[in-house]
Each structure stands twice: as structure tokens, then as C-alpha cells.
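Report on the structure given below.
Labels below follow one simple rule: chain letters A, B, ... track the order of the sequence lines, proteins then strands, and each chain is numbered from 1. Everything numeric in this text was worked out from a predicted model, so none of it was measured.
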There are 2 protein chains.
Amino acid sequence: MPSRPSRERAAKVTLNDVAMVAGVDRSVVSRVINGDPNLSVRQETRQRVLDAIDRLGYRPNAAARSLRTARAYMFGLVIPDFANPVYAEIIKGAERAAGNLGYGLMTASSGGVQLGLAHHLALLGQGRVDGLLFAGEETGHELEQLRTSAVPWLLVNRRIEGSRRYVVLDDERGSGLAVEHMVALGHRRIAHLAGPEGADTARRRRAGYTAAMTEAGLNPDPRHVVHADYTSDGGAAAMTALLRIEPRPTAVVVANVASAVGALHTLHEAGLSVPGDLSVIAIHDMPLAGHLVPALTTVRMPLGRLGERALELLATSNLTDDITEVVTEPVDVVVRASTAPPR
Amino acid sequence: MPSRPSRERAAKVTLNDVAMVAGVDRSVVSRVINGDPNLSVRQETRQRVLDAIDRLGYRPNAAARSLRTARAYMFGLVIPDFANPVYAEIIKGAERAAGNLGYGLMTASSGGVQLGLAHHLALLGQGRVDGLLFAGEETGHELEQLRTSAVPWLLVNRRIEGSRRYVVLDDERGSGLAVEHMVALGHRRIAHLAGPEGADTARRRRAGYTAAMTEAGLNPDPRHVVHADYTSDGGAAAMTALLRIEPRPTAVVVANVASAVGALHTLHEAGLSVPGDLSVIAIHDMPLAGHLVPALTTVRMPLGRLGERALELLATSNLTDDITEVVTEPVDVVVRASTAPPR
DNA sequence: TCAAGCAAGTCAAACGATTGTCTAACGAGC
DNA sequence: GCTCGTTAGACAATCGTTTGACTTGCTTGA
């Protein structure tokens with residue numbers, strides 16, 4: 001009868017221990033575990049090995065395995081801030097893709113600890129992960145360090161000057177659709193509450209806004225573009241600034257949901273009705289949007305797919321390959337209650 | 001002049017390579033890097049070593065180091081869902097604490113991939129991390145597996161039957177304060193929009209609600225306690241149910257912010273005013289709360305401190321120690337616009 | 001002059017797993 | 001009875017670091 005009884009101590013059990021108990025060489029145990037096709041064993045021996053593993057509660061040592069095989073079966077993802085729900089979607093997508101490939105994914109944030117990229121590279125060094133995804137706010141200067149690193153890396157959701165390894169979304173199209181939605185409703189004075197001036201995503205969304213305005217035959221008033229920092233506070237402040245402009249815009253395309261939350265709050269405080277006095281649309285969709293007051297119309301971007309694709313590319317690329325991909329999957333407008341024709 | 005020029009290839013550089021270039025034994029390089037006090041070396045030699053490291057772009061191999069020292073200088077944290085902002089605060093706290101101790105923290109989610117704890121244990125096995133924090137939704141059954149694991153672990157923000165290793169917040173006090181706030185405003189029919197029935201945090205918050213109601217001489221109507229699942233959708237549905245009760249409560253203590261978002265939305269749809277018709281307070285504070293419409297009164301709980309403390313305890317505990325700590329740090333009411341005296 | 005002491009390193013054995021190469025035993029075929 | 005081919009597993013090198021023990025050549029004190 002196979003030994004079902006409780007496994008033993010939590011002490012360190014190695015391949016050698018298992019081999020002793022099973023009465024075989026440790027190489028046999030290793031091959032049994034890994035299903036090595038070169039191994040031939042009797043069924044009975046194999047069972048002895050499996051029983052020993054079970055009874056001792058053996059767990060392979062990841063460090064030893066990584067050292068020997070030069071693979072960690074683990075990828076890393078560095079994001080700026082866990083509180084930003086945009087990254088949650090990206091992480092989920094990347095985790096899904098990693099799981100499908102039989103890998104794990106570990107995420108760390110660069111924002112909290114002010115130690116920067118160098119810290120992460122030191123920690124993640126070699127041997128800990130097989131590749132690194134950066135969805136962060138690293139400067140070009142910091143990325144310089146990546147060049148001397150032996151682990152494959154890839155920028156997610158942002159490009160950086162001089163880098164030829166990135167995956168991004170079609171942000172131009174995202175804000176373009178937002179503008180088109182407003183235009184279709186009959187708006188002509190459409191403002192843009194943009195992201196931080198330095199950010200690549202903000203730049204691309206702004207470009208999409210401008211292009212779509214021009215395409216619609218509207219000449220965007222330069223005062224109608226204000227920058228915020230992708231936070232609720234920033235969005236609130238920027239909206240306050242927008243409200244001072246005469247004539248006031250009748251619609252605003254907000255660069256992300258967090259800013260839109262702040263913007264809606266400002267409008268409420270100012271006694272303005274949405275969408276009565278002003279229509280609001282934001283880039284990126286997420287569950288929160290549907291529950292805001294009023295429910296927020298958004299442009300749904302394939303953030304999960306972005307994370308997924310980034311990981312796939314990372315897993316299959318050489319360190320020296322160029323990777324410059326735009327994930328164009330579905331981008332569409334989710335119409336809710338915050339947009340309507342102008343009065 | 002020290003060699004400033006560009007570092008070289010991204011190929012694999014080992015301690016041996018550095019030793020060759022510097023003309024010393026690899027043990028010297030190792031000791032220089034790690035600041036071994038037993039080493040005595042001439043300043044000039046040390047500099048040769050440092051130059052070689054710099055020139056070759058050497059980065060220590062984490063796997064080899066972990067294998068040899070049996071320490072990974074890395075902790076792991078498993079959460080159920082990155083989209084839940086409550087965990088963001090916990091993660092940040094834990095990352096901070098890890099950084100202070102010279103460790104890294106890697107976070108993974110258990111929810112996305114439906115592989116469960118076993119998968120994570122296999123991946124994180126031995127040698128990859130020095131300890132594991134679980135802020136998740138593991139069942140007691142799953143935790144059984146932890147018992148055979150050699151890596152120290154700790155439950156965060158939840159207890160589980162039979163486990164003596166956890167850190168939690170004072171959730172009783174949190175919802176107690178919420179009730180007291182409502183009572184102080186003059187409310188008497190105070191409902192509780194609770195969390196999922198099975199969840200430990202929900203149970204404790206509910207207990208705090210009941211105790212505070214009793215303490216205030218109010219006999220809580222059992223129909224005034226409804227359960228939701230900590231999501232916006234759940235909160236919306238539960239609020240709908242609450243509104244059907246006669247006489248209607250004048251105040252509601254919501255178990256978390258996500259549910260409160262859904263609840264506010266339901267109230268808005270129902271044409272009820274907050275706080276005019278109903279006052280709303282939620283457990284946990286976060287930036288979003290201040291920007292909702294209306295701005296949400298909350299009970300601020302020290303989530304960051306919880307993560308921080310959990311990591312500290314994990315780092316300093318033996319696998320066999322009991323750890324049963326309640327983080328009681330500041331818990332206070334953040335008054336915003338969603339609560340007022342009853343009409 | 002000699003031993004002791006110190007400075008400046010060197011040597012080599014681990015850590016735990018993987019994997020290419022070997023070997024012993026056995027049965028089949030002639 | 002002998003060779004050959006399999007089967008079933010054993011052997012041992014290796015991955016890159018760390019670290020206790022050891023060596024070598026000087027200096028110093030008596």
C-alpha cells in the first residue's frame with residue numbers, strides 16, 4: 001500500500017535524500033521528476049522514487065536548478081505604482097501569458113522605494129529571472145544600464161528615445177476615437193485633459209487628439225489642451241483650469257480614468273452637470289468607470305492583451321532582436337452616461 | 001586614471017572572469033564585493049578589482065549566490081487580485097519594509113491564473129525566496145501544503161482556522177468607529193453592507209458593527225446586514241436589496257470602498273441623495289474616496305503599516321514561531337461629504 | 001639571528017540539481 | 001557457448017559563489 005501518511009519535517013530535503021530513501025542514484029530521481037525521455041526505469045522503481053518524494057515532502061531547490069540550467073522559469077515586471085489600476089490589467093495579462101508558457105511572473109514597483117532601476121537590476125541580477133518587462137517611468141539614462149545587462153528586457157506601454165525594444169498600444173487611435181465620438185454627438189469645442197508632458201503615452205494620446213480634431217475640420221484651440229499627471233488630484237486641478245477658459249469647451253477627452261475621476265469631482269463641486277454642461281470621455285476602460293457618478297464613457301484599450309503580448313515577445317526574443325510592436329487589437333468606445341449632445 | 005570607458009558585452013561575465021582580468025583569485029573579488037572584514041587587501045589591488053568589475057559589467061549571479069548562502073534576499077507576496085486597491089497599499093508597505101532590510105519583494109497574484117497555491121509553491125519552491133506572505137484567499141485545505149514547506153510564511157490581513165501565523169488589522173475597531181460616527185450624527189437605523197460571508201475580514205467587521213450597535217443601545221435589525229463580495233457590482237446589488245427594506249435605514253456602513261462605489265452609484269440611479277437621504281461610510285481610505293461624488297467619508301486603516309509589519313515579522317521569525325499580531329496603529333474617521341445628520 | 005606576527009592573498013570544498021557518458025546484467029540469436 | 005543489443009540505472013563533471021583554512025613573504029622585537 002502506498003504510504004499516504006503525513007509528510008515529514010519542514011527541514012531541507014534534497015535530491016540526495018530522496019535518492020537514498022528510494023535506493024537509487026540522484027540522477028534517476030532528477031530524471032523521473034523532469035520526465036527525461038532518455039531515462040528507462042522499471043515501473044516499480046519509479047514508484048519507489050515518487051513515494052520517497054511524497055513522503056519526504058521534497059521540493060526542488062530553485063536556485064540550484066537555475067544555476068545548473070541557466071533558466072529560472074520566471075519573468076519579472078517592474079511598474080511604477082501598484083495603486084494605478086491601469087497596471088493591474090497589464091499585470092494580469094502578463095501573468096496569464098507567463099502561466100501559459102509554464103513560467104511564473106513576479107512584479108515589483110519602482111516608485112515606492114526610491115532606489116531606482118539600479119536597485120532592481122542588482123536584485124534581479126542574473127539567474128533570478130529570464131527576462132524583465134518595464135512598464136515604468138525609467139529615464140533614458142537609467143535604461144542605459146540595461147544595455148550592459150545580460151537579461152532580456154522590454155519596455156511596455158512606452159517608448160523611449162533610442163530604444164528599439166518596446167510594445168505599446170495604439171494610443172493615437174484611442175484618443176482619436178474619443179474625439180470622433182464627441183464629434184458625432186455634435187460637439188465642436190472639444191478639450192483635451194492630457195497626461196504629463198514628458199510621458200510617451202501622453203504625447204501619443206495628444207497627437208491622436210490633434211489629428212482627429214484636424215480630420216474633423218476643427219481647429220483645436222491651444223488653450224483647450226491642459227496637462228495633468230494621470231492622478232485624480234491632477235485631473236481635478238486641470239479641470240479647474242479648463243473651466244476658466246472662455247468660451248468654455250462643451251466636451252473633454254481625458255487621458256486616463258484617474259484624472260477623469262478628479263475631473264468629475266471638480267465639475268460636481270462647480271455645480272456643473274455631466275453630461276448636461278460638459279461631456280466627459282476617458283481613455284482606458286475599467287470596472288470602476290461604470291460605477292462612477294455619472295457612469296463614465298470610456299475608450300476601451302486592450303491593456304490585458306498588451307501585457308500578454310509583451311510577455312510572449314520577451315519569452316521568445318533574443319536579447320539583440322529589435323521589438324517594436326503596436327498592439328492594435330480591439331479599441332472601442334464604451335458609451336455610458338457621461339457623454340451626450342451639447343445643449 | 002580609472003577606466004571610465006564603455007562597459008563591454010552583455011555576455012555572461014563571472015567572478016572568474018573578473019578575477020583573471022584583475023589578476024587575483026576569485027575569492028578576493030568575492031570578498032571585495034561583499035565587504036568581508038576578514039579580507040586584507042592593498043588599496044591598489046582593490047581598485048584593480050573594482051575596475052575589472054566595472055569594465056566587464058559584472059553582475060553577480062543570484063542563483064549561485066542563493067545556492068551557496070541559502071539566502072535569496074527576496075521575499076514573495078501572493079495576493080488575490082491586482083485590481084483591488086486595498087492590496088496596493090499592503091504591497092507598498094511590504095516593499096518599503098523589504099527595502100529597508102536590504103531585501104527585494106516580488107508580488108504575484110493567485111486569482112488570475114487558476115493554478116492555486118500548489119503552483120506558487122512549486123514556482124517559488126525553495127531557494128527562490130526567503131519567505132512568503134499570503135494576503136490571499138487560500139482555503140485551509142490549501143494552507144495544509146504550507147506546513148510541509150521549508151520556507152517561512154505568514155498570512156496577512158486574514159486568519160484561518162488552526163493557523164497560528166497571521167497579522168491582521170483591527171477590523172472590529174474600524175467598523176466600530178464607523179458606527180460611532182453615525183451614532184454621533186444622530187442615526188439610529190444604521191445598516192451594514194458587509195463583505196462575503198466566508199471572509200475573515202468580513203466576519204470581523206461585522207462583529208465590530210454588531211458590538212458597536214449594541215454598545216450604543218441600538219438593537220440592529222438583522223435585515224439591515226446584507227452581504228456583498230467586496231466588488232462594485234456586489235455593492236450595487238446589495239444596496240438595491242437594502243433599499244427595499246422598510247423602514248429604510250438612514251445610514252450604512254460599507255465594508256470596503258469598492259462596494260461603496262457601487263452603492264453610491266445605485267443610490268444615484270435610484271434618485272436618492274447622499275447624505276440627504278442616506279449617509280454612507282466605508283472601511284479603508286484611499287485617494288479615490290476623496291474624489292467620488294459625493295466625496296466618501298471613510299475609516300482610514302493602516303494598510304501600509306500592515307504590509308510593513310507583516311514583512312518585518314516574516315523576516316525575523318522562525319518557521320516554527322507563532323505569530324498572531326493585530327496592527328492597531330492609527331484607525332480614524334476621515335470625514336468627507338457622504339455623511340450628515342439624518343433628516 | 002631567529003621566531004613570531006601580520007599583511008595579502010590563495011586553495012579548495014561546498015551548495016543542490018542536471019545531463020552526457022558509462023557499465024552491469026540479462027536475454028536473444030546463431 | 002559466445003556475441004550483441006537492450007534495459008536499467010550509476011558516475012561524475014558542471015553551473016557561479018562563498019568561506020574556512022592555509023600559504024608566502026616581510027617586518028619587528030628580543
Would you tell me if any nitrogen or oxygen in the side chain of [X] comes within less than 4.0 Å of OP1 or OP2 on [N]?
{"X": "A:S30", "N": "C:dT18", "value": "yes"}
{"X": "A:Y73", "N": "C:dA17", "value": "no"}
{"X": "A:R42", "N": "D:dG9", "value": "yes"}
{"X": "B:S66", "N": "C:dC15", "value": "no"}
{"X": "A:K12", "N": "C:dG16", "value": "yes"}

Contact class for [X] vs. all strands (heavy atom < 4.0 Å): base, sugar-phosphate, or nothing?
{"X": "A:T14", "answer": "sugar-phosphate"}
{"X": "B:D36", "answer": "nothing"}
{"X": "B:N61", "answer": "sugar-phosphate"}
{"X": "A:V28", "answer": "sugar-phosphate"}

Please report, rounded to the nearest Å, how far the [atom2] atom of [N] is from the [atom1] atom of [X].
{"X": "B:D25", "N": "D:dT19", "atom1": "CG", "atom2": "C1'", "result": "12 Å"}
{"X": "A:N38", "N": "D:dA10", "atom1": "CG", "atom2": "P", "result": "16 Å"}
{"X": "B:M20", "N": "D:dG16", "atom1": "CE", "atom2": "C1'", "result": "15 Å"}
{"X": "B:L39", "N": "C:dC11", "atom1": "CG", "atom2": "C1'", "result": "15 Å"}
{"X": "A:R59", "N": "C:dA17", "atom1": "CZ", "atom2": "C1'", "result": "17 Å"}
{"X": "A:E44", "N": "D:dT7", "atom1": "CD", "atom2": "P", "result": "18 Å"}
{"X": "A:Q47", "N": "D:dG9", "atom1": "CD", "atom2": "P", "result": "13 Å"}
{"X": "A:Q43", "N": "D:dA8", "atom1": "CD", "atom2": "P", "result": "11 Å"}

Would [X] and [Y] count as having a side-chain donor-acceptor pair, cut-off 3.5 Å?
{"X": "B:R71", "Y": "B:Y103", "answer": "yes"}
{"X": "A:D322", "Y": "A:T324", "answer": "no"}
{"X": "A:R165", "Y": "A:S317", "answer": "yes"}

What nucleotide among [options] has an atom nearest to a side-chain atom of [X]?
{"X": "B:R68", "options": "C:dG20, C:dT10, C:dC15", "answer": "C:dC15"}
{"X": "B:Y58", "options": "D:dG16, D:dT17, C:dG9", "answer": "D:dT17"}
{"X": "A:A64", "options": "D:dA10, C:dG9, C:dA17", "answer": "C:dA17"}
{"X": "B:V24", "options": "C:dT10, D:dT17, C:dA17", "answer": "C:dT10"}
{"X": "B:L67", "options": "C:dT10, D:dG9, C:dG16", "answer": "C:dG16"}

**Study point:** Chi angles and distances behind the side-chain contact (heavy atoms from CB on, under 4.5 Å) call for B:I33, B:I53
**Key:** CA-CA 9 Å; B:I33 291 175; B:I53 288 174; 3.7 Å; yes
Mark yes or no for a side-chain to base donor-acceptor pair under 3.5 Å between [X] and [N], with no hydrogen or angle criteria applied.
{"X": "B:T69", "N": "C:dC15", "value": "no"}
{"X": "A:S40", "N": "D:dA8", "value": "yes"}
{"X": "B:R46", "N": "C:dG9", "value": "no"}
{"X": "B:R65", "N": "D:dT17", "value": "no"}

Check your understanding: Is the shortest side-chain N to carboxylate O distance from B:D81 to A:K92 below 4.0 Å?
Key -> yes
Review point. Between A:R26 and A:R31, who's closer to the 5' end of DNA chain D by nearest nucleotide?
Key: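 Per heavy-atom nearest nucleotide, the more 5' residue is A:R31.
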Exercise for review: Please work out whether the ring planes of B:F82 and A:F82 are parallel, tilted or perpendicular, with thresholds of 30° and 60°.
Suggested key: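 Because their plane-to-plane angle is under 30°, the rings of B:F82 and A:F82 count as parallel.
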**Study point:** Residues which pass salt bridge (Lys or Arg N to Asp or Glu O under 4.0 Å) with B:R48, listed by chain and number, not counting sequence neighbours
**Key:**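 Listed in chain order: B:E44.
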